[in-house]
Colleague: 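Provided herewith is a single structure, encoded as structure tokens, for subsequent inquiry.
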Protein chains: 2
Amino acid sequence: MSRASEQAYSKIRAHLLSGAVRPNEQLTEDQLAQITGVSRTPVREAVRRLEDELLLVRSDTKRLFVADWSRDDIEEMFTLRQMLECHAAERAAERLTRDQIGQLEALNRDLKAAIEMTPPDVTSFLEANRAFHEVIIEAADSPRLGQLLAKLIEAPVVLRTARTYSQGDLRQSARDHDELVAAFAARDPEWARAVMGSHLRRAFHTFVRSVGPAANDQGPAQT
Amino acid sequence: MSRASEQAYSKIRAHLLSGAVRPNEQLTEDQLAQITGVSRTPVREAVRRLEDELLLVRSDTKRLFVADWSRDDIEEMFTLRQMLECHAAERAAERLTRDQIGQLEALNRDLKAAIEMTPPDVTSFLEANRAFHEVIIEAADSPRLGQLLAKLIEAPVVLRTARTYSQGDLRQSARDHDELVAAFAARDPEWARAVMGSHLRRAFHTFVRSVGPAANDQGPAQT
DNA sequence: CGAGAGGGATTTGTATACAATAACGACCGG
DNA sequence: CCGGTCGTTATTGTATACAAATCCCTCTCG
């Protein structure tokens, strides 16, 4: 999108991820317009995108709130992502160019470098990880699949807690990526799917372990 | 959404599905505002939704066009829908109330009645079919899953061609629904998943047969 | 003391005017 | 005759004013 609405989007998103607002807190379009420095029109456009990504929700009477993700919500998100991204890996295995496989290798080198910093550079890790998965989705060559996954991957909760992962967790992630590259290089869709599946499922359990297995189960409905 | 933007959405959608416009034809927000009788503001809101549903697409310079669905696009849509809706059926099998199962039975009675009209009442069939699947998705109790599926099911191409299905095709569909209800009543997630899978995959092949197996393969890129 | 109605304040929805950007075509130079 | 550049027109993007809906507090009545 164009300048103002794009800017509104990223500023609001950053604002939400920064933790400056709490789940279930009400926001108004005017507030957001002030924060972002643009008028309500592009803010409304940005808000729509953020609603789509489930970072914001609207009450039944159109009032705007910060979304609250329960543990169950997050599990479902991981499950759906796994379903779709396994499919993407399968398709990608049949379609990746040598050049793209090279990109994946390079990205995974960056990712490993980020892990081996002391302390691990989690921001770089997340960026390399995001780019890695993006190449695969791109190669799957299915616009609709990409669109669906885009929503799931925007999920913020994961990003917020990634900083608590151990170096061992991160290294396992890098090993998964290595094996994915191997599966792609071998042009073996089944292998790629299987590795992607375990990769994401493990990520879910790592997440659960880091936030506590039964947290957040008694939260009130948010709408 | 509120009155004007909701009205704009359904009018534009109807306009697109009516076939009054051709794929790759350009539209302007002003035109649509005139057609719908509201200002550009709600039209833009409606257009965003339709873009999301891939009924409309924007060029790289933000100009608006009627989307063109290739056969491959449609196959991918069916594949994704199958993946997600099988999952929904599985979850629904564990969660449907007796009341909801009763609803499914009632809807399938309506559906069969529509089929046995002479000629078959395709509009009622489609409506009962939509409602049937909606109950299942609702019962799956996963907001994100429902949201993803909503997009896929809006796909218009299927609706446009449904009128060409034979009575035999429609009857098979009703039988699938009967078996789904049986699987739900037995609380057997695996059974439900399997039936849903074959139901949707058959629907795809019925679709392919009705439009011709290799149609629409040489269309130029639209963006 | 509680329930519900009324009304001002808050918030979202819509229309409109204007600004920014992209497409189109005419004109010019080679 | 071709290619490019500039100005005009068409189209989308943004700001703002106003309308509609909703919330919340208060006040009254039972």
Side-chain angles (χ1 to χ4, degrees), chain A residues 1-16 20-68 147 220-223, chain B residues 1-16 20-68 147 220-223:
Chain A
M1 290 294 168
S2 53
R3 210 179 94 260
S5 84
E6 193 62 32
Q7 186 177 333
Y9 169 77
S10 46
K11 279 199 183 177
I12 296 171
R13 186 168 198 280
H15 189 238
L16 295 175
V21 291
R22 287 181 310 183
N24 295 329
E25 183 175 336
Q26 182 172 2
L27 299 176
T28 71
E29 295 174 355
D30 259 323
Q31 274 174 44
L32 297 175
Q34 281 198 314
I35 291 172
T36 58
V38 300
S39 83
R40 269 181 58 216
T41 308
V43 164
R44 281 171 66 86
E45 188 116 355
V47 163
R48 262 192 70 89
R49 282 176 64 185
L50 292 162
E51 281 181 75
D52 237 37
E53 294 169 5
L54 296 174
L55 280 161
L56 297 174
V57 294
R58 272 184 196 277
S59 73
D60 50 354
T61 60
K62 317 293 183 186
R63 271 159 171 72
L64 200 60
F65 297 88
V66 179
D68 183 22
Q147 202 180 333
Q222 73 195 355
T223 296
Chain B
M1 291 295 164
S2 54
R3 210 180 94 260
S5 84
E6 194 62 31
Q7 186 176 332
Y9 170 77
S10 48
K11 280 200 183 176
I12 295 171
R13 185 167 200 280
H15 190 240
L16 295 174
V21 292
R22 288 178 309 180
N24 295 330
E25 185 175 333
Q26 182 174 1
L27 299 174
T28 71
E29 295 173 356
D30 260 322
Q31 275 176 46
L32 297 174
Q34 281 198 313
I35 291 173
T36 58
V38 300
S39 81
R40 269 181 57 215
T41 308
V43 164
R44 280 171 66 87
E45 188 117 353
V47 163
R48 280 185 58 99
R49 282 177 65 185
L50 293 161
E51 282 181 74
D52 237 34
E53 294 170 6
L54 295 175
L55 279 161
L56 297 174
V57 294
R58 276 187 193 275
S59 72
D60 50 354
T61 60
K62 318 295 183 186
R63 274 163 168 73
L64 200 61
F65 297 87
V66 179
D68 183 22
Q147 201 180 337
Q222 73 195 358
T223 297

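Here the structure is a predicted model, which is why all the values come from computation and not from measurement. Order of the sequence lines fixes the chain letters, A, B, ..., with proteins taken first and strands second; residue numbering starts at 1 for each chain.
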Colleague: Measure the spacing between NE2 of B:His15 and CG of B:Leu55 and express it to the nearest 0.5 Å.
Modeller: 13.0 Å
Colleague: Rounding to a whole Å, what distance do you find between A:Arg44:CZ and D:dA17:P?
Modeller: 17 Å
Colleague: Side chains of A:Phe65 and A:Val57: does their closest heavy-atom pair fall under 4.5 Å?
Modeller: yes
Colleague: Please give, in whole Å, the distance from C:dA22 C1' to B:Asp60 CG?
Modeller: 10 Å
Colleague: Round to the nearest Å and state the distance from B:Glu45 atom CD to C:dT14 atom P.
Modeller: 7 Å
Colleague: From CD of A:Gln7 over to C1' of C:dA20, roughly how many Å is that when rounded to an integer?
Modeller: 15 Å
Colleague: Detail all sub-3.5 Å separations between protein N/O atoms and N/O atoms belonging to nucleotides 5-11 of chain D.
Modeller:
| residue | atom | partner | partner atom | Å |
| --- | --- | --- | --- | --- |
| D:dT11 | O4' | B:Arg63 | NH2 | 3.3 |

Colleague: How close or far is atom P of D:dG13 from atom CZ of B:Arg48, stated in whole angstroms?
Modeller: 10 Å
Colleague: Take atom CZ of A:Phe65 and atom P of C:dT11, then tell me their distance rounded to the nearest Å.
Modeller: 10 Å
Colleague: Nearest whole angstrom, please: distance from the C1' of D:dG13 to the CD of B:Glu51.
Modeller: 13 Å
Colleague: Which residues satisfy the side chain to side chain contact (heavy atoms under 4.5 Å, CB included) test with A:Thr36, sequence neighbours excluded?
Modeller: A:Ala8, A:Lys11, A:Ile12, A:Val38, A:Val43
Colleague: Mind checking whether A:Gln147 and B:Leu54 have side chains closer than 4.5 Å, heavy atoms only?
Modeller: yes
Colleague: With DNA chain D as reference, determine whether A:Arg40 or A:Thr61 sits nearer its 5' end, using the nearest nucleotide of each.
Modeller: A:Arg40
Colleague: Does a side-chain N or O of A:Thr41 approach OP1 or OP2 of D:dT14 to a distance below 4.0 Å, or not?
Modeller: no
Colleague: Please give, in whole Å, the distance from D:dC23 P to A:Arg58 CZ?
Modeller: 13 Å
Colleague: Is the shortest heavy-atom distance from the side chain of A:Glu45 to the side chain of B:Arg48 under 4.5 Å?
Modeller: yes
Colleague: Any carboxylate oxygen within less than 4.0 angstrom of a Lys/Arg side-chain nitrogen, looking at A:Arg58 and A:Glu29?
Modeller: yes
